[in-house]
Amino acid sequence: MHYINLKTFLIVTMLWTGMMSIWAQHKVEGHLGADVVSNYIWRGKNMGHVSLQPELSVKWKGLSLSAWGSVGLTNYKDDAREIDLTLSYKTNGLSFGVIDYWDDSSDSRYFYYKKDGTGHSFEGFVSYDFGPVSASWQTYFAGNDYQENNGKRAYSSYFELSAPFRLVTCDWDARVGLVPWKSGIYEVSGFSITNLSLRATKAIRISNSFELPLFGQLIANPASQHFYFVFGLTLKAL
């Protein structure tokens, strides 16, 4: 019995030593931050009021695992709580991965995955950064994404072009997003442009190890005829 325990200990020690050696050769990077936004707008869709949105991620070489969340601050009872887990890989300008979206609007149980009410939706994505412009495509392939008329999977999809640039001491980002076909998630009956946005960000340095980026964003959704002006700030450690 003691021999088995010692053998197990030696195996675990060897594996841990090997992992530490690999990590030492290829630096593991971590990120922790949070946004506070005046309105939670996602791909042109209004998702909530003033919200706190924390993020935690770990990166190793081109592989990344991140957790992102959102919780309402001023309308806690009505705004859905959300947790998104993302596993992705990036090589040169190409990125691809899978996102697990969860919110408690359908069911408050996190570990519930059945079709009759799960709060989870799973999305695959691929994107490519061409330099001045990047393009991305996202499609839901599992979870809570069904057509109301026949109950079949809707495969809700979203395509977006983004163009970052620098102007008058601010970092800017212009985006155009569209939904190619009918989707309950995006609340459209067919091909629709749902997101026209322009965002400006300016970082205010507080100390050598801390800065406070502030941003303002104009967002138009031609499909729903809605227009938003969002202000936010980002808390992060350098």
Side-chain angles (χ1 to χ4, degrees), residues 28-59 64-88 90 95 97 99-105 123 125 127 129 132-134 136 138 158 160-177 185-186 194-222 224 226-238:
V28 178
E29 299 178 358
H31 168 79
L32 175 63
D35 287 343
V36 179
V37 294
S38 60
N39 204 182
Y40 174 20
I41 309 298
W42 174 74
R43 299 177 183 174
K45 183 178 178 180
N46 188 354
M47 304 293 289
H49 300 79
V50 179
S51 300
L52 173 65
Q53 300 175 338
E55 182 178 13
L56 173 66
S57 66
V58 177
K59 296 181 181 179
S64 175
L65 177 63
S66 66
W68 181 93
S70 183
V71 60
L73 296 179
T74 59
N75 198 24
Y76 182 82
K77 292 183 178 180
D78 294 332
D79 288 345
R81 293 181 299 116
E82 182 177 346
I83 300 175
D84 303 339
L85 303 178
T86 302
L87 178 64
S88 64
K90 182 177 181 180
S95 299
I99 304 174
D100 171 12
Y101 296 99
W102 175 84
D103 68 67
D104 62 356
S105 60
E123 180 184 72
F125 69 89
S127 65
D129 187 352
V133 177
S134 63
S136 64
Q138 293 88 8
Y158 178 80
E160 185 175 83
L161 294 173
S162 64
F165 58 96
R166 177 88 178 167
L167 182 65
V168 291
T169 71
C170 292
D171 293 317
W172 296 76
D173 183 71
R175 300 193 176 214
V176 178
I185 287 180
Y186 298 105
T194 61
N195 186 22
L196 299 174
S197 73
L198 180 64
R199 171 170 167 160
T201 303
K202 185 174 180 63
I204 300 175
R205 184 169 291 276
I206 306 300
S207 68
N208 291 331
S209 60
F210 186 77
E211 66 179 16
L212 185 65
L214 305 177
F215 61 87
Q217 188 173 11
L218 295 172
I219 305 170
N221 185 333
S224 66
H226 288 148
F227 189 78
Y228 309 95
F229 181 41
V230 177
F231 172 79
L233 57 88
T234 301
L235 304 173
K236 65 178 181 179
L238 299 179

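Just so it is clear, the values below take in all heavy atoms, side chains as well, and ignore hydrogens, waters and symmetry mates.
- Side-chain contact between S95 and S88: absent, with no pair of heavy atoms (C-beta onward) separated by less than 4.5 Å.
- For N39 (side chain) and G48 (main-chain N/O), a donor-acceptor pair under 3.5 Å exists by modelled atom type.
- Residues satisfying the ring-ring contact (aromatic ring centres under 6.0 Å, His included) criterion with Y186, sequence neighbours excluded, are W42, Y158.
- A distance of 6.5 Å separates OG in S197 from CG in D173, rounded to the nearest 0.5 Å.
- Separating the CD atom in Q53 from the CG atom in L235 is a distance of 12.0 Å, to the nearest 0.5 Å.
- Counting all heavy atoms, side chain and backbone alike, V133 lies closest to A163 at CG2-CB, 4.3 Å.
- Here the CG atom belonging to D84 is positioned 7.5 Å from the CG atom belonging to D100, to the nearest 0.5 angstrom.
- Looking only at side-chain heavy atoms (C-beta outward), Q138 and S136 come within less than 4.5 Å of each other.
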Test log, rule side-chain contact (heavy atoms from CB on, under 4.5 Å), inputs F125 and I99: CA-CA 8 Å; F125 69 89; I99 304 174; 3.8 Å; yes

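- Once rounded to the nearest 0.5 Å, the distance linking CG of L212 with CG of L233 reads 5.5 Å.
- A search for side chain to side chain donor-acceptor pair (under 3.5 Å) contacts involving S224 returns N221, H226, not counting sequence neighbours.
- In this structure, the separation between CG on L65 and OG on S57 is 8.5 Å, given to the nearest 0.5 Å.
- In this structure, OH on Y228 lies 5.0 Å from CD1 on I41, to the nearest 0.5 angstrom.
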From CA spacing to verdict: side-chain contact (heavy atoms from CB on, under 4.5 Å), W102, L85: CA-CA 9 Å; W102 175 84; L85 303 178; over 6 Å; no

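- A distance-only check finds a donor-acceptor pair linking the side chain of D103 to the backbone of S105 [under 3.5 Å].
- The environment of NZ in K59 is sparse: at most 12 heavy-atom neighbours from other residues, nucleotides or ligands sit within 6.0 Å.
- In this structure, V71 and D79 have side chains that are not in contact, with every pair of non-hydrogen atoms separated by 4.5 Å or more.
- When every heavy atom of R43 is checked against every heavy atom of T194, the shortest pair comes out as O-OG1, 3.4 Å.
- Heavy-atom minimum distance, S51 versus S70: CB-OG, 3.7 Å.
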Verdict with reasoning, T169 to K202, per side-chain hydrogen bond (donor to acceptor under 3.5 Å, both in side chains): CA-CA 7 Å; T169 71; K202 185 174 180 63; 3.3 Å; yes

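- Shown here are the side chain to side chain donor-acceptor pair (under 3.5 Å) partners of S66, two or more places apart in sequence or in another chain: there are none.
- The shortest heavy-atom contact between R166 and W172 is C-CD1, 4.4 Å.
- Using a distance-only test at 3.5 Å, with no hydrogens or angles considered, a donor-acceptor pair links the side chain of S38 to the main chain of F231.
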Candidate pair F215 and D171, rule side-chain contact (heavy atoms from CB on, under 4.5 Å), full reasoning: CA-CA 9 Å; F215 61 87; D171 293 317; over 6 Å; no

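- The backbone N or O of I185 lies less than 3.5 Å from a partner atom in the side chain of K45, making a donor-acceptor pair.
- Taking all atoms of both residues into account, the shortest heavy-atom contact from L198 to A174 is CD1-CB, 4.1 Å.
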